[in-house]
Amino acid sequence: MAKAIPTTSQTVSIPKEDVHAVRHVAVIDIGATSIRMAIAEIRANGGTRMLENLLQPADLGRDAFETRRLSRKGVERVTSVLKKFRRVLSEYGITSAKDIRVVATSAVREASNRVAFMDRVFVATGLDVEPIDEAEVNRITYMGVAPQLQARRETAERKSVVVEVGGGSTELLIIRGGNVLHSDSFRLGSIRLLQSLTAVGAAPSHSSGQTHSQWRSLMETQISRILTRIAERIRSDTPLHLVAIGGDVRFAALQLIPEWNGVDLVSLPTQALSRLTEQVLSLGDDAVVAKFDVTFNEAETLGPALLAYTLLAKRFELSHVYVSGVNLRSGLIHDMARGGNWTTEFRHQIVRSAMSLGRKCDVDETHARAVAELARRLFEQLHDEHHLDARYEVLLYAAALLHEIGLFISVRSNHKHALHIIRNSELFGLSRHETLLVGLVVRYHRRATPQPAHTDYGSLSRVDRVAVSKMAALLRIAIALDDTRSGRIREIRVHREGKRMVIAVPGVDDVSLEQMAMRGASQLFQDVFGAAVLLRPGE
């Protein structure tokens, strides 16, 4: 664990000739028990190097999880810490908003006064706080841990269960062969656990062995309830690995394996982890602080978190667990180095998730794939018209795969049913907002055009409303091109001729059926892009 006061974890001297090729950036993570800042350099080739890691305690989770509000005292504590962090950033010359990302996890995300909190922070520090949801956390986790799993033969071939026990929630990823099989989030966190025990009158006592034993038993019972739900998500019919991430288990690995570099995967014997867990639980919080040189907030949550990891390993009868040094801050820094662009592998995971959802709802996969490929070609060839970045291509592709998902409920109003299904489903890698955009594109794949009076659409920003309209217009054209459901139209060439957008179809001489479908499907395209659509065969 990092120290409670700002310390330099790695000081790097930059050669003079490289100064102009280096960009300094920072990520600040406002968590349930602490505020952490990572400062790094990004080189011209996209490589990154960590310069400094800072930590300050801030007990936001206790208020947020109990009352669903952040206390005034807690808010002011955060602003005070962020002011100090801002001065450190100034010393590094990091002042531009594009070089600083401030994120907040479950404590802020769940607070009813989170908007007031974000406004207060901005007024006090000029920093924009971004509450990130579970999907974004899982995306960053996957991007960081997947290369580590693939680098080892044993983890590359077997199913890996990646678990992070935080202050407010436990995040779960199941990965095999680089593919995400399942992702989930559970309301099990070390702070929540302590609060639930306090609510029933239980509290750790190190003066009475019986009382402590009862407290320990209650804690195990609470954890086991969630572990049962986690186990239900994991088919244990094949060998698996447990990969633990998070500050508490990193602390354990560094205690037990001092030579570990704190980043790469390391194998930690379950028995050793269990012994350390027992030692921590047997000590009072003050004794943990003194023995292990951690903050009081960290000492309070360390035992419950390590117990959760230990019980999970024992439940699956694992002789060891893997520990990864991947964390949210390092992942976000790598994300900044990529310019926020999704990698090809990550895009593939989103598509796999959409296809999986479609199969659950008996979507005609052959037609869905054909429409998705046509939508992708339209997106690529009409870039000068829509000016949307590459992320929207993935959203459009997912929408195309799912455009008939509403038929699972009813033919009547299936476009509306589709929105309901999609927005209440998990699409791995997509935030709640991005999932809503996919759902709205599907909502408008037929019938009515987007209207501000429509609740979900009207609540979007102008940028998002325009993006949804553009993608829905492209999707309607793609659907019309496969109106025969034969997949015979695969290649298209699109170009503008004055006020007409001409779609040529090489190798297909008769497109009369598609032309009929295009008459009704192209109206939205003309409204959005100002061009009528003309379909030409055999060019």
Side-chain angles (χ1 to χ4, degrees), residues 6 23-42 48 51-56 58 60-61 63-64 69-72 74-140 143 166 168 327-342 389 391 430-434 436-437 459-465 467:
R23 172 190 173 200
H24 286 172
V25 299
V27 169
I28 300 174
D29 172 15
I30 302 174
T33 61
S34 62
I35 306 174
R36 300 171 184 264
M37 179 168 72
I39 301 174
E41 63 178 28
I42 298 175
T48 63
L51 302 179
E52 193 165 356
N53 281 291
L54 311 180
L55 177 151
Q56 285 283 285
L60 290 179
D63 293 325
R69 286 186 61 83
L70 302 172
S71 69
R72 184 182 300 276
V75 172
E76 292 308 312
R77 169 63 178 164
V78 172
T79 58
S80 175
V81 171
L82 292 180
K83 286 178 181 178
K84 295 176 183 178
F85 282 1
R86 195 80 203 235
R87 288 194 290 271
V88 175
L89 293 178
S90 295
E91 294 174 3
Y92 276 90
I94 304 174
T95 57
S96 173
K98 66 181 178 62
D99 295 326
I100 305 170
R101 189 169 180 188
V102 185
V103 300
T105 50
S106 57
V108 172
R109 184 174 64 236
E110 296 181 18
S112 60
N113 60 336
R114 61 186 175 278
V115 174
F117 165 79
M118 292 186 288
D119 289 346
R120 172 65 185 130
V121 169
F122 182 77
V123 169
T125 68
L127 295 171
D128 281 311
V129 178
E130 172 192 357
I132 59 174
D133 61 19
E134 298 91 337
E136 178 74 353
V137 173
N138 282 334
R139 179 180 78 87
I140 295 298
M143 298 295 285
N327 60 60
L328 184 61
R329 295 169 303 286
S330 62
L332 289 171
I333 285 171
H334 284 292
D335 203 43
M336 294 172 76
R338 292 190 298 266
N341 294 324
W342 290 338
D389 66 41
R391 290 194 179 204
L430 297 186
S431 67
R432 288 293 180 190
H433 179 68
E434 289 163 338
L436 174 60
L437 296 184
S459 66
L460 300 177
S461 67
R462 176 182 292 177
V463 171
D464 286 333
R465 290 199 306 272

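Predicted model only: the values in this text are computed from it and were never measured.
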Rounded to the nearest 0.5 Å, what's the gap from CG on Leu332 to CD on Glu136? Could you check? 6.5 Å

Note: Met336 and Ile42 closest approach over all heavy atoms is C-CD1, 4.0 Å

CD1/Ile140 to CD1/Ile333 distance, rounded to the nearest 0.5 angstrom? 11.0 Å

With side-chain hydrogen bond (donor to acceptor under 3.5 Å, both in side chains) as the criterion, how do Asp133 and His433 come out once you've worked through the C-alpha distance, each side chain's angles and the decisive distance to 0.1 Å? CA-CA 10 Å; Asp133 61 19; His433 179 68; over 6 Å; no

Does a side-chain heavy-atom distance below 4.5 Å link Val88 with Ile39? yes

Is any side-chain heavy atom of Gln56 closer than 4.5 Å to a side-chain heavy atom of Ser80? no

Going by the rule side-chain hydrogen bond (donor to acceptor under 3.5 Å, both in side chains), which residues pair with Glu134 if we only count those two or more places apart in sequence or in a different chain? none

For Arg338, I'd like to know if atom CZ has over 12 heavy atoms of other residues, nucleotides or ligands within 6.0 Å. yes

Charged N-O contact under 4.0 Å between Arg101 and Asp335: yes

Residues that Asn138 engages under side-chain hydrogen bond (donor to acceptor under 3.5 Å, both in side chains), provided they are two or more places apart: none

What one should report as the nearest heavy-atom pair of Thr79 and Arg120 is CG2-CG, 4.0 Å

Going from CG on Leu54 to CZ on Arg329, what distance comes out if it is rounded to the nearest 0.5 angstrom? 10.5 Å

Contact check, side chains of Phe117 and Ile30, non-hydrogen atoms, under 4.5 Å: yes

Min side-chain heavy-atom separation Thr95-Leu89 under 4.5 Å: no

Can you find a pair of side-chain heavy atoms, one from Leu60 and one from Val78, that are under 4.5 Å apart? yes

With the side chain counted from C-beta on, respond yes when Leu55 and Ile35 share a heavy-atom pair under 4.5 Å apart, and no when they do not. no

Where is the tightest heavy-atom contact between Leu127 and Val121, given as atom of each residue plus distance? O-CG1, 3.8 Å

Would you name the heavy atoms of Asn53 and Ala38 that are closest together and state the gap between them? OD1-CB, 3.5 Å

Might you point out which heavy atoms bring Ala107 and Ala64 nearest each other, and give the distance in Å? O-CB, 3.2 Å

Are Thr48 and Glu41 packed together at the side-chain level, in the sense that at least one heavy-atom pair is separated by less than 4.5 angstrom? no

So CD of Glu91 and NE2 of His24: to nearest 0.5 Å the spacing works out to 13.0 Å

Restricting to non-hydrogen atoms, name the atom on Ser106 and the atom on Gly168 that form the minimum distance, rounded to 0.1 Å. OG-CA, 3.8 Å

Is there a side-chain contact between Phe122 and Asp128 in this structure, where contact means two heavy atoms from C-beta onward sitting under 4.5 Å apart? yes

Between Asp63 and Arg69, does at least one N-O distance fall below 4.0 Å, as a salt bridge requires? no

Quick one: does Asn327's side chain have a donor or acceptor within less than 3.5 Å of a partner on Ser330's backbone? yes

Taking it one step at a time, do Val102 and Glu130 satisfy side-chain contact (heavy atoms from CB on, under 4.5 Å)? CA-CA 6 Å; Val102 185; Glu130 172 192 357; over 6 Å; no

Measuring from Leu437:CG to Leu430:CG, what's the distance to the nearest 0.5 Å? 9.0 Å

Derivation of the side-chain contact (heavy atoms from CB on, under 4.5 Å) call for Val75 and Arg77: CA-CA 5 Å; Val75 172; Arg77 169 63 178 164; over 6 Å; no

Main chain of Ile132, side chain of Arg109: is a donor-acceptor contact present, judged purely on distance under 3.5 Å? yes

Give, for atom CE of Met37 and atom CD1 of Ile100, the distance between the pair rounded to the nearest 0.5 Å. 9.0 Å

Is there a donor-acceptor contact under 3.5 Å from the side chain of Arg86 to the main chain of Thr125? yes

